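All figures in this text were calculated on a predicted structure; none of them were measured in a lab. Chain naming here is simple, since letters A, B, ... match the order of the sequence lines and numbering starts at 1 in each.
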Amino acid sequence: VIVGIFDRFKGPDAETVAARERAEALHAEILASLQTGRVPGPMRARLEGARAGTLPWIATLTPSELLIVRSHGLRPVAAVSATCWLHYGFSWTEGHSQGWETALERLGQEAQAAGANAVLDVKMRTVPIHIANSMDFTLVGTAVHVDGLEPSPRPVIATVPALEFVQLLEADVVPTGIAVGAHFEWMSDWRGNASGAGWWNNEASQLSMLWEEVRQLAHEDLRRNAQARGNGVLAHVNFSQMFEREVEHQPKQYLARHIVVATTVDAVRGVPIPHEIKMVVDVHAGATPLTGTQPHHQAYATNESEGAI
Amino acid sequence: MSTEIPVHAKERLKGLRTAAHASGVFTSDFSVNEFLLVRKAGFEPIGLCVGSCVYHVGIQYGSWNRNQELDVLSKAMYHARELALTRMRAEATAMGADGIVGVKLTIKRLEWDEHLLEFIALGTGVVHGAGHKGFRAHDGGPFTSDLSGQDFWSLLHAGYRPVEMVMGSCVYHVAHRGVLAGLGTAGRNVELENFTSAMYEAREIAVERMQAEASAAKAEGVVGVDIHEGSHGWQTHVIEFFAIGTAVLPLEQEIAPEKIADPIMVLSVND
């Protein structure tokens with residue numbers, strides 16, 4: 001027992017010190033890489049190993065998705081991921097746009113390091129740690145290589161599951177990434193009747209107009225951001241909030257914000273879809289992947305808590 | 001506790017080995033579709049395999065303002081899962097199973113003690129109908145896989161067989177932000193690089209550990225990977241990054257590549 005007590009004064013053993021130093025080095029490398037906009041060394045080594053075949057490939061795909069991508073000449077290379085933890089000191093709403101954009105950029109770099117042509121099954125996530133006025137914007141997906149193609153300098157990023165990705169490719173449509181539209185507006189209630197008044201039915205038209213304007217501008221922003229990536233968007237995630245704020249000796253203030261996140265596609269217009277309609281029985285258990293309606297993104301699901309198994 | 005199987009359990013299992021025959025009874029948690037597809041793939045279920053482990057998770061606190069892995073917790077979460085899986089696999093080995101499909105790994109908190117976690121691994125042991133031993137894992141024991149019966153069939157038809165469930169865990173403490181740190185960023189949207197890098201580090205550790213397990217199992221790849229975050233009643237800034245998937249190898253003789261059918265694409269008319 002006495003020896004045990006004295007051991008405490010000797011300080012950590014060599015193994016602990018070495019482990020601590022390794023952790024510090026990893027931490028410094030990641031931080032420096034984020035600041036200079038490159039993929040951190042250990043991640044790069046893992047991605048290049050998977051690319052060369054010296055490390056096992058990793059796919060977030062289910063076996064039936066693996067089957068369908070393989071039959072269409074795609075090979076999974078590595079699971080790629082990117083995060084941007086952003087503090088919104090200026091604007092929460094615009095922070096969401098900025099956060100996803102940064103994460104998207106970094107995901108593209110990882111995919112490039114993996115020698116990929118596309119990233120499939122990209123999920124938008126956020127971890128359940130709440131730190132005031134900030135949030136993490138995380139993307140996780142599977143980088144794939146298309147047989148017979150050179151690695152792309154800017155791999156396509158698809159926020160749809162693998163089955164839907166292949167369905168789109170068969171129809172000559174390429175999903176190209178995410179576009180975010182975000183807008184917020186403050187409104188001061190100078191006349192003091194924005195929320196309506198009296199005992200009769202009447203529209204709170206100032207608030208209606210505020211909503212109309214914020215939504216229209218958010219969608220305009222979406223259109224502008226989508227233009228750089230494709231000629232259409234699919235599958236909106238719409239998120240909006242309105243708040244009332246009381247300020248002393250001043251009129252009430254209203255904040256309205258609206259965020260639209262969508263998958264951008266590049267589609268050849270006016271081309272018929274090559275599929276015939278045929279009745280099939282789906283043997284899949286539970287929610288069928290054929291419809292693709294299972295929850296795929298978790299970042300804006302406010303009351304969905306998830307735990308590790 | 002060792003992985004030795006109790007006598008009465010062994011007796012029960014002995015009976016189950018004959019379950020592939022008309023005289024015996026097999027137990028499984030298969031749905032009808034699962035059962036039919038596992039048999040379509042050439043396998044017969046022989047019995048449910050269970051492994052569990054009640055684990056006292058030690059205590060470790062992160063420094064208030066430091067990003068760091070809490071290795072005591074990482075090891076606990078990994079070790080407890082591994083014990084449950086090993087015990088399940090021992091049951092399957094005793095049954096003479098070639099593999100276990102549909103493994104469900106769950107964690108329950110025992111309510112009377114915050115440090116006690118119960119880990120359960122449960123799956124259905126299967127044997128190859130024609131007695132083919134080529135589906136066993138690299139060590140000659142049964143393969144393990146968290147894929148459902150349907151996914152198992154799909155995987156074989158994608159030209160792969162499951163080898164082993166692989167996983168990596170990293171319990172991580174994310175630093176708290178100093179009071180003064182907030183002042184410099186008022187009125188601006190800025191990235192909190194320290195937090196971003198914490199996410200990168202923790203996720204990387206979990207994924208690397210999973211990949212190392214896959215390499216050790218001599219696998220070609222890992223399918224159905226889930227990388228997610230969870231908290232098991234720790235402090236607010238402590239989070240577990242967990243990566244899990246099924247390591248796979250290409251089929252050699254079991255299904256000739258020319259027999260692998262091309263899937264038919266359908267557009268679903270229901271939503």
(request) Look at A/Thr62, A/Leu61, A/Val140 and state which one has the largest set of heavy-atom pairs under 4.5 Å with chain B. (result) A/Leu61
(message) I'd like to know if A/Arg22 pairs up with B/Glu201 as an ion pair, taking the criterion as any Lys NZ or Arg NE/NH1/NH2 lying under 4.0 Å from an Asp or Glu carboxylate oxygen.
(response) no
(request) Verify the ring-centre separation between B/Trp153 and B/Tyr160: is it less than 6.0 angstrom? (result) no
(message) Is it true that, when you exclude B/Lys104 itself, more than 12 heavy atoms of the residues, nucleotides or ligands shown sit nearer than 6.0 Å to its NZ?
(response) yes
(request) Go through the atoms of A/Glu29 and report whether side chain, backbone, both or neither lie under 4.5 Å from a heavy atom of chain B. (result) neither
(request) Give a yes or no on whether the ring-centroid distance for B/Tyr172 and B/His237 is below 6.0 angstrom. (result) no
(request) May I ask you to name which of B/Gly221, B/Ala212, B/Ser154 has the most heavy-atom pairs under 4.5 Å with chain A? (result) B/Gly221
(request) Under 4.5 Å heavy-atom distance to chain B, tell me which part of A/Ser134 shows up: side chain, backbone, both or neither. (result) side chain
(message) Would you say the ring centers of B/Phe143 and B/Phe152 fall short of 6.0 Å from each other?
(response) yes
(message) Which one wins on heavy-atom pair count under 4.5 Å against chain A: B/Gly224, B/Gly245, B/Gly149?
(response) B/Gly224
(message) So that I know where these two stand, are A/Trp92 and A/His96 an aromatic pair - ring centroids less than 6.0 Å apart?
(response) yes
(message) Quick test of your reading of the model: are B/Glu229 and A/Arg125 salt-bridged, counting only N-O distances below 4.0 Å?
(response) yes
(message) Less than 4.5 Å to any heavy atom of chain B: does that hold for the side chain of A/Ala82, its backbone, both, or neither?
(response) both
(request) Against chain A, work out which of B/Glu193, B/Gln68, B/Glu220 has the most heavy-atom pairs shorter than 4.5 Å and name it. (result) B/Glu220
(request) Measure A/Thr142 against the heavy atoms of chain B and call it side chain, backbone, both or neither at under 4.5 Å. (result) neither
(request) Determine the option with the most heavy-atom pairs under 4.5 angstrom with chain A, choosing from B/Val223, B/Asp71, B/Leu36, B/Val174. (result) B/Val223
(request) Select one option (side chain, backbone, both, neither) describing which atoms of B/Met167 are under 4.5 Å from chain A's heavy atoms. (result) neither
(message) For chain B, which candidate among A/Pro76, A/Pro42, A/Ala23 shows the most heavy-atom pairs at distances under 4.5 Å?
(response) A/Pro42
(request) Pick one of side chain, backbone, both or neither for A/Ile58, based on which atoms fall under 4.5 Å of a heavy atom in chain B. (result) both
(request) Measure from NZ or CZ of B/Arg39 to the centre of the six-membered ring of B/Phe43, then state whether that distance is under 6.0 Å and the direction lies within 45° of the axis. (result) no
(message) Please determine whether a side-chain nitrogen of the Lys or Arg among A/Glu48 and A/Arg44 lies less than 4.0 Å from a carboxylate oxygen of the Asp or Glu.
(response) yes
(message) Can you tell me which portion of B/Ala214 sits under 4.5 Å from chain A's heavy atoms? Options are side chain, backbone, both or neither.
(response) both
(request) Please state whether the side chain, the backbone, both or neither of B/Val248 comes within less than 4.5 Å of a heavy atom of chain A. (result) side chain
(request) Go through A/Arg70, A/Glu94, A/His27, A/Gln35 and name the one with the most non-hydrogen pairs under 4.5 angstrom from chain B. (result) A/His27
(request) Write down the atom of B/Ser169, the atom of B/Arg209, and the distance for their closest heavy-atom approach. (result) O-NH1, 2.7 Å
